[in-house]
Amino acid sequence: MVEITLDVNHSSYKVGVEDHWTLLDVLRDSLGFTGAKKGCDHGECGACTVLIDGTAMQSCLVLAVQAQGKAIVTIEGLARDGRMDALQTAFHEVGAIQCGFCTPGMIITARALLGRNSDPTEDEIKEAMSGNLCRCTGYVKIVEAVQRGAAAGKTGAGTTGATNADS
Amino acid sequence: MKREYVNIGGRLPRVDGMVKAAGEAMYTGDLSLPGMLHGKLLRSPHPHARLLKVDTAPALTLEGVRAVITGEDTLKFLAGGIASPGNEPYLAFEKVRFVGDAVAAVAAVDEETAERALALIDVEYELLDPVLDPFAAMAPGSPLVHDDAPGNISFETDLSFGNAQRAFATCDYVRYDEFKTAPIRHGFIEPHAALASWDTSGRLTFWGSKQSPYFTYRNMAKALDIPMSKVRIMQSYLGGGFGGKNEMFNLDFCAALLSMKTRRPVRIVVSQEEVLYAYRQRHPAWIKLQSGFMKDGTLVAVDAEIVAEGGAYKGIGALSLYLMCTFLALPYRVANLRAKGCRVYTNTQPSCAMRGHGVPQVRYAAEVQLDMAARELGLDPLEIRLKNAIQSGDTTGNGFEITSCGLSETLLEARGIVERWRGETPADSEPHLKRGIGVASYGYLSGPRMAGHNTSAALIKVHEDGRVGLVTGSTDCGQGSDTVLSQIAAEVLGIHLDDVQYGGMDSEIVPLDPGVFGSRVTFITGNAVKWAAEDVRAQLAGVAAGLLDAEPDDLEFRDRRVFVRDEPDRGLPFAKLVKSAQYSGTGMTILGRGYWAPEDIDLPRFDTGMGNQSGAYSFGTQVAEVEVDTETGRVKVLRLAVSHDCGQPINEMLVEGQLEGSSIGGIGHTFTETIQRRRGQTMNASFLEYRMPTALDACPVEVTHTDTVDEMGPFGAKESGEGVQVAVMPALVSAVHDAVGVWFKEVPITPEVVVEALGRGAEAAQNADARRGADARRDSRDDGRSRDGESA
Ligand code: FES
Ligand code: FES
């Protein structure tokens, strides 16, 4: 067990981890950020997606020790100053949420997309979201929500937790 | 005609949307309790074997292991069973019957220790010949999955009305085809999870990921032999179900028994891989179908033989098979029907309900065959459907009473859509890209009516500030029922949706309710909520009548006020009325109570298919446009449309979401999804290998509703969300035929299948195929035989 420091949702946490523990498990089990969901634990569903230095990453594929010194944002950290992110509101308003299990990963992935491309086309949205599975919605309203979130971003209605990291 | 409502019919965002968007919604796997242990299940690696020894002692010596249980530690309760007792142990004893059958369970201080302990359990198996194919299973001399099921027959349905055989002789045209559907999975992203906490008083508190918490409540009490009053079932948010989280499963039982043994809370969250190989699937079906028509397209007779692979256990398979047979009687009029179904045990994972429950399989066959017949008869696919469409007021030969039906309206709507699309569709841009359009229709039930307890119930508590709390035993697995039920309560009480707080499931207080299956919640629980709200309204109207010096019947509840009808000024705010009732005199406790199930229904018989299955039936027509790449065999779904009769939609946006999700799911079922097994072992137990649709497969879905109101439904509503999945496969298959001229009688139609079929070009051989099949089965007249044989 080693003690590491993680920067999660704009606060820093000291936490003891084993070398092989994933960031997802540490976020969920040690730090209580259960908004990051465990759907498959193998990088196949996207439910565990978090922002790492602004890039959307599947936290079940990242070791906790690798995440030291990086800014990690989970769904719980997206709202700022009590204000929901424009994407969160958009997902809610257009009906892009059903069971909601995929939702945190979807919103985080979309947030990273908008961080590097503030005005994505429909195809770019679908491409960016294609690693996030949703069995409930059929994605139609999810794409619509991302479009609405992008539009809100342009009018300054959104808060962006993401930077232009990987593009 | 539809009426104007305040809280009904609009596009209201769901009541749990923001909590889910914020990441605050807790699913069972997110919950933990102080001192909680982690459980894991040991599963059989063999499809069929006798258990000779399960030695847990080595596992118990591992540090951190707190308990290990096997079938011998249980009371050997057998789960499942409709129409006859169940046969599925929560932990195997004597035998294992599929790869994934649970043999033992461990509770340890953490998951890693539990995992290591599993490897230390010493199990000795005597391997038995597995039965891996339903036809081999029925053959004489086949090994038996269950000793008391000769021929491995799990259940049989034999539905007959009119006289199909005789009627075929009067037909102008008869055709026979064989269809096959694949085993597929529900595909929810949240794996099964259970958290159980046992205390010294003998009380068990359980949180699960269950569509029907009361099934778990009942089975838990029986399997542990404890009083129901000692079982408290709570329900967290639910990450999708689609039929696959209906039953109580081994992890639920093991979490409880391990907690009982260790006196610690125990949580078990299975891996997605386990979900995919060790839990449930949709019944794969082999369907032999013969239909007879008159020249003008009138459907005269249908004869079907259905074999459904049930897997290792009975579960609720009798209902599945019954639905497969009886939904040959909907959505078209047919006077002569024979449907013989056989559910067969094999050594594979058990089959159960999945979105559409048995109906997608048979309607795929029947709708595709109807299209084939239409083409042979020179009729338009929409015309042949309009000609035969069932109508309001009809009763099917087996007793389904159709009280409201907008099927013809949906077909007319679809005709407009097809015409528009044909006009918009450009000529094939590249020679290897072929476009096509297909249609298919469906009917579905609004909640099954079965023997036994089937009543939904609701409670409404009125708070002194004029807000209300609502609970029912129906859970929201994503379909939006918490919202729909809250809307119904708000509408009756004349308050706003915001004023209603939907409370979670807690069996301590929430009345008995079968839960979520068969599209029953809006229709049945919705009515119970309406009753509960009317109960509250009547209590409050009594008080208001005194305060306003009016008759209770003359009062109107609207916009958070109560007033004398046509005299809006003679009234008072709802909250004030509540306070007056609660504060004056001895003080009233305003609790509304409602329960409801359709009455006077001729209960269905699963063995004969006779009886009325539901209080109402939904209808609709699906239109699909595809583009087939004849070089790669890839099919791209360009757009879909659904014209839907769900009665009065309670919430347009949620209905749309149901239709979109159902439709896009159907794309996966048609083109990519199938469980692959080798010697009983699942080869694609991961989301990577089992290909469900992603955002890249999504396409626009146009949605329209018919102007139908169901008299029995709450505010005129019927089911939505399952029915539409019934028609997706056939609409897509027919669109592919329209594009490339090939019929596919087996799904999924993977690119390899398409390329092979196009390459084959052996029309003659297939024609011969179709004729041979017809000759073999038919003893009716010789002319008018199937000639449309190009198929795959
Ligand atoms: S849990 Fe990480 S991708 Fe599925
Ligand atoms: S909303 Fe249920 S998986 Fe996406």
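Protein chains get the first letters and strands the later ones, always in sequence-line order, with residue 1 at the start of each. Below, each value reflects all heavy atoms present in this structure, side chains not excepted, and no hydrogens, waters or symmetry copies.
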Item to check | Residues, nucleotides or ligands: over 12 heavy atoms within 6.0 Å of Glu3(A) CD | outcome: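 For Glu3(A), atom CD is crowded (more than 12 foreign heavy atoms under 6.0 Å).
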So for [X], is it side chain, backbone, both, or neither that comes closer than 4.5 Å to the heavy atoms of chain B?
| X | value |
| --- | --- |
| Ile107(A) | side chain |
| Lys37(A) | side chain |
| Ser130(A) | both |

Checklist entry - Going by atom types alone, do Glu76(A) and Thr74(A) pair a side-chain donor with an acceptor below 3.5 Å? => result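 Yes, Thr74(A) and Glu76(A) have a side-chain donor paired with an acceptor closer than 3.5 Å.
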Next on the checklist: Within the structure provided, determine whether His669(B) and Gln725(B) are in side-chain contact (heavy-atom separation under 4.5 Å).
Outcome noted: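 Yes. Closest side-chain heavy atoms under 4.5 Å.
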Next on the checklist: Is any side-chain heavy atom of Gln272(B) closer than 4.5 Å to one of Val275(B)?
Outcome noted: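 With C-beta onward as the side chain, the pair touches.
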Tell me, for [X] versus chain A, whether the close heavy atoms (under 4.5 Å) come from the side chain, the backbone, both or neither.
| X | answer |
| --- | --- |
| Leu238(B) | backbone |
| Ala22(B) | both |
| Ser663(B) | neither |
| Glu112(B) | side chain |

Next on the checklist: Parallel, tilted or perpendicular: which one describes the rings of His186(B) and Phe188(B), with boundaries at 30° and 60°?
Outcome noted: parallel
Checklist entry - Under 3.5 Å, is there a donor-acceptor pair between the side chain of Lys126(A) and the main chain of Ala698(B)? => result yes
Checklist entry - Which of the residues Gly35(A), Cys45(A), Cys99(A) is involved in the greatest number of heavy-atom pairs with chain B at under 4.5 angstrom? => result Cys99(A)
Less than 4.0 Å between a side-chain N and a carboxylate O, is that true for [Y] and [X]?
| X | Y | result |
| --- | --- | --- |
| Lys70(A) | Asp7(A) | no |
| Asp81(A) | Arg83(A) | no |
| Glu274(B) | Arg280(B) | no |

Next on the checklist: Using only non-hydrogen atoms and a strict under-4.5 angstrom cutoff, which residues of residues 17-31 of chain A touch chain B?
Outcome noted: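 When heavy atoms of chain B are the reference, residues 17-31 of chain A contributes His20(A), Trp21(A), Arg28(A), Asp29(A) within the under-4.5 Å range.
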Quick one: of [options], who has the most non-hydrogen atom pairs under 4.5 Å with chain A?
| options | result |
| --- | --- |
| Met692(B), Arg14(B), Glu273(B), Glu24(B) | Arg14(B) |
| Val701(B), Leu696(B), Asp697(B) | Leu696(B) |
| Gly668(B), Ser662(B), Pro693(B) | Pro693(B) |

Next on the checklist: Quick check: Phe101(A) with Tyr27(B) (ring centres under 6.0 Å apart)?
Outcome noted: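 For Tyr27(B) and Phe101(A), the ring centres are under 6.0 Å apart.
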Next on the checklist: Would you say the ring centers of Phe33(A) and Tyr13(A) fall short of 6.0 Å from each other?
Outcome noted: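 Yes, the ring centres sit under 6.0 Å apart.
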